[in-house]
A.B. asks: 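What follows is a single structure, and I will ask about it in a moment.
Residue numbers start at 1 and run along the sequence shown.
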Amino acid sequence: MKEIAKKDPESLIGRAFHFAEKVHRNQKRKTGEPYFNHPLQTAETLNEWRLDEATVAAGLLHDSVEDTGTTVEDIEKNFGKEIGFLVDGVTKLGRIKYRGVGSRLENMRKMILALSHDLRVVFIKLADRLHNMRTLSALPPMKQKRIAMETDEIYAPLAYRLGMQHLSGELKDLAFPYLFPKENQWLKETVPARYEERLEYLKKIKPQVEKALSEHHIKPLVIDFRAKRYSSLYRKLLLHDMDTEKIYDLVAIRLVVGTVSECYAALGIIHEKWPPLPGRIKDYIAMPKPNSYRSIHTTVIGPNEKIIELQIRTMEMHEEN
């Protein structure tokens, strides 16, 4: 954002940058940092998500009406009706009060979508919430818990429904230590490998899988991987008497190949490379789940004696799943 504003101060983002910097100039956050850091980080996130210029500019301006003497009319006058509409939408979402009543959560998610009229408003709100969660430690404990609960029950599920699974997982992980501090501490002591470390491990495994398959003339269409997050791990442990030995998907790889025969060939190649765990091979291609889910699942002992779950399927199965 700083580079864009410096290189082209008369651009939409350049003007929004300098406007927001000016109106937030004398404000500080609870962390002690300049308040402008927050809209700046919100805009950086929106830019990383490859959103349009108007949304990024609105991200820079999103707290101007709420926290300064600026009005929506001022925003419209300086930046046009589209950005005024986006900023006004985020301001209205900020006024929705979370009451934590279970049956009303779904209604609240629907109300957020209905109020926005434009999904870009929700994207700005999610980027805003992400930075607020990353700096939540500066707030008083009661406020921490309320915001964490709201994030876990409203915004993380909302992100998930919009197809933003990575963001949803990060929001839940950021909320988890505030909602379950004892459980979080126990997990850190029991499962010492951090999420980021598990992700790095998978990044090193991916080329090994590609090489093994290519040696047998199989070119995967997609190789996805994911490391299980603390919040997700805890929910799964609850189903398994908190026994970490029963958790086989701390790290998981998904292979998408061209044909059904390649699915079975890839299974054999993987088992030749890494030994499978007995009783952990599930063929949902030959016998699909009741909901029509199809895939082959296997669990192997990978490099460094780490357990890896693999899912193997065709593109048609992947899209249907």
Side-chain angles (χ1 to χ4, degrees), residues 165-166 169 172-173 183 186-315 317-318 320-321:
Q165 284 87 351
H166 183 79
K172 278 192 168 290
D173 259 15
E183 293 85 345
W186 179 83
L187 270 181
K188 286 188 172 179
E189 291 166 1
T190 312
V191 188
R194 291 165 59 244
Y195 170 77
E196 290 78 12
E197 290 167 10
R198 295 198 292 274
L199 216 52
E200 283 304 313
Y201 175 79
L202 285 166
K203 285 177 184 175
K204 290 173 184 173
I205 295 296
K206 183 180 175 182
Q208 295 181 39
V209 174
E210 283 176 316
K211 185 170 183 281
L213 293 173
S214 68
E215 285 171 356
H216 292 79
H217 312 293
I218 294 177
K219 185 172 175 60
L221 305 177
V222 177
I223 299 182
D224 282 338
F225 56 80
R226 67 117 183 93
K228 205 162 196 67
R229 293 177 175 276
Y230 273 139
S231 52
S232 175
L233 173 58
Y234 178 69
R235 286 197 300 275
K236 193 155 191 176
L237 280 167
L238 288 172
L239 302 174
H240 294 284
D241 303 316
M242 304 309 285
D243 185 354
T244 55
E245 297 297 314
K246 293 179 181 175
I247 306 298
Y248 298 104
D249 61 344
L250 278 176
V251 291
I253 296 173
R254 181 194 293 133
L255 300 179
V256 180
V257 293
T259 64
V260 171
S261 60
E262 283 186 341
C263 289
Y264 289 105
L267 179 69
I269 293 162
I270 294 297
H271 285 177
E272 188 181 341
K273 186 173 180 60
W274 297 312
L277 283 181
R280 294 295 305 172
I281 303 166
K282 296 172 184 175
D283 188 349
Y284 296 120
I285 294 178
M287 294 184 68
K289 288 187 178 185
N291 64 0
S292 300
Y293 174 91
R294 290 179 297 160
S295 187
I296 296 173
H297 291 194
T298 184
T299 305
V300 301
I301 302 169
N304 306 328
E305 300 297 303
K306 287 188 185 295
I307 291 174
I308 308 168
E309 183 187 83
L310 283 108
Q311 300 175 0
I312 307 166
R313 60 184 67 158
T314 65
M315 185 58 80
M317 293 173 198
H318 181 54
E320 188 180 342
N321 292 344

A.B. asks: Going by the rule ring-ring contact (aromatic ring centres under 6.0 Å, His included), which residues pair with H297 if we only count those two or more places apart in sequence or in a different chain?
C.D. replies: Y284, Y293
A.B. asks: K203: what forms a salt bridge (Lys or Arg N to Asp or Glu O under 4.0 Å) with it, not counting sequence neighbours?
C.D. replies: E200
A.B. asks: Would you say the side chain of V256 lies within less than 4.5 Å of the side chain of M317, judging by non-hydrogen atoms?
C.D. replies: no
A.B. asks: Within 45° of the axis and under 6.0 Å from the centre of the six-membered ring of F225, does NZ or CZ of K206 qualify?
C.D. replies: no
A.B. asks: Strictly by salt bridge (Lys or Arg N to Asp or Glu O under 4.0 Å), give each pair with a member in residues 258-270 just once, sequence neighbours left out.
C.D. replies: none
A.B. asks: Mind checking the CD-CG spacing from Q311 to N321? Nearest 0.5 Å is all I need.
C.D. replies: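 If we round to the nearest 0.5 Å, Q311:CD and N321:CG are 8.5 Å apart.
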A.B. asks: List the atom of P220, the atom of L213, and the distance in Å for their closest heavy-atom pair.
C.D. replies: CG-CD1, 4.0 Å
A.B. asks: Just to verify, what does E210 make a salt bridge (Lys or Arg N to Asp or Glu O under 4.0 Å) with, not counting sequence neighbours?
C.D. replies: none
A.B. asks: Sequence neighbours left out, what passes side chain to side chain donor-acceptor pair (under 3.5 Å) with Q208? Give chain and number order.
C.D. replies: none
A.B. asks: Decide yes or no for L255 and V209: does some side-chain heavy atom of the first lie under 4.5 Å from some side-chain heavy atom of the second?
C.D. replies: yes
A.B. asks: Determine whether R294 and R313 make a side-chain contact, defined as any pair of heavy atoms from C-beta on separated by less than 4.5 Å.
C.D. replies: no
A.B. asks: What are the two closest heavy atoms between V257 and I218, and how far apart are they?
C.D. replies: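 So the minimum-distance heavy-atom pair works out to CG1-CG2, 4.1 Å.
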A.B. asks: Does the pair T299 and L310 meet the rule for a side-chain contact (heavy atoms from CB on, under 4.5 Å), with working shown?
C.D. replies: CA-CA 6 Å; T299 305; L310 283 108; over 6 Å; no
A.B. asks: Is a donor on one side and an acceptor on the other found under 3.5 Å between the side chain of Y201 and the backbone of P303?
C.D. replies: yes
A.B. asks: Can you list everything that forms a side chain to side chain contact (heavy atoms under 4.5 Å, CB included) with D283? Sequence neighbours excluded, please.
C.D. replies: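 D283 satisfies side chain to side chain contact (heavy atoms under 4.5 Å, CB included) with Y264, I285, A286, I296 once adjacent residues are dropped.
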A.B. asks: Do S295 and I312 come within less than 4.5 Å of each other through their side chains, counting heavy atoms only?
C.D. replies: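 Side-chain contact under 4.5 Å: no.
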A.B. asks: What heavy-atom pair brings G302 and I308 nearest, and what distance separates the two atoms?
C.D. replies: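 Where G302 meets I308 most closely, the heavy atoms are CA-CD1, 3.8 Å.
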A.B. asks: Taking side chain to side chain donor-acceptor pair (under 3.5 Å) as the definition, give me every residue that meets it alongside S214, ordered by chain and number, with sequence neighbours left out.
C.D. replies: none
A.B. asks: Identify each donor-acceptor pair in which a side-chain atom of residues 267-278 lies under 3.5 Å from a protein atom, sequence neighbours left out, and give them as a table.
C.D. replies:
residue, atom, partner, partner atom, Å
H271, NE2, T298, OG1, 2.7

A.B. asks: Test of understanding: with salt bridge (Lys or Arg N to Asp or Glu O under 4.0 Å), list the residues that count as partners of E215, not counting sequence neighbours.
C.D. replies: K211
A.B. asks: Test I223 against I253 for side-chain contact (heavy atoms from CB on, under 4.5 Å), laying out the working first.
C.D. replies: CA-CA 7 Å; I223 299 182; I253 296 173; 3.9 Å; yes
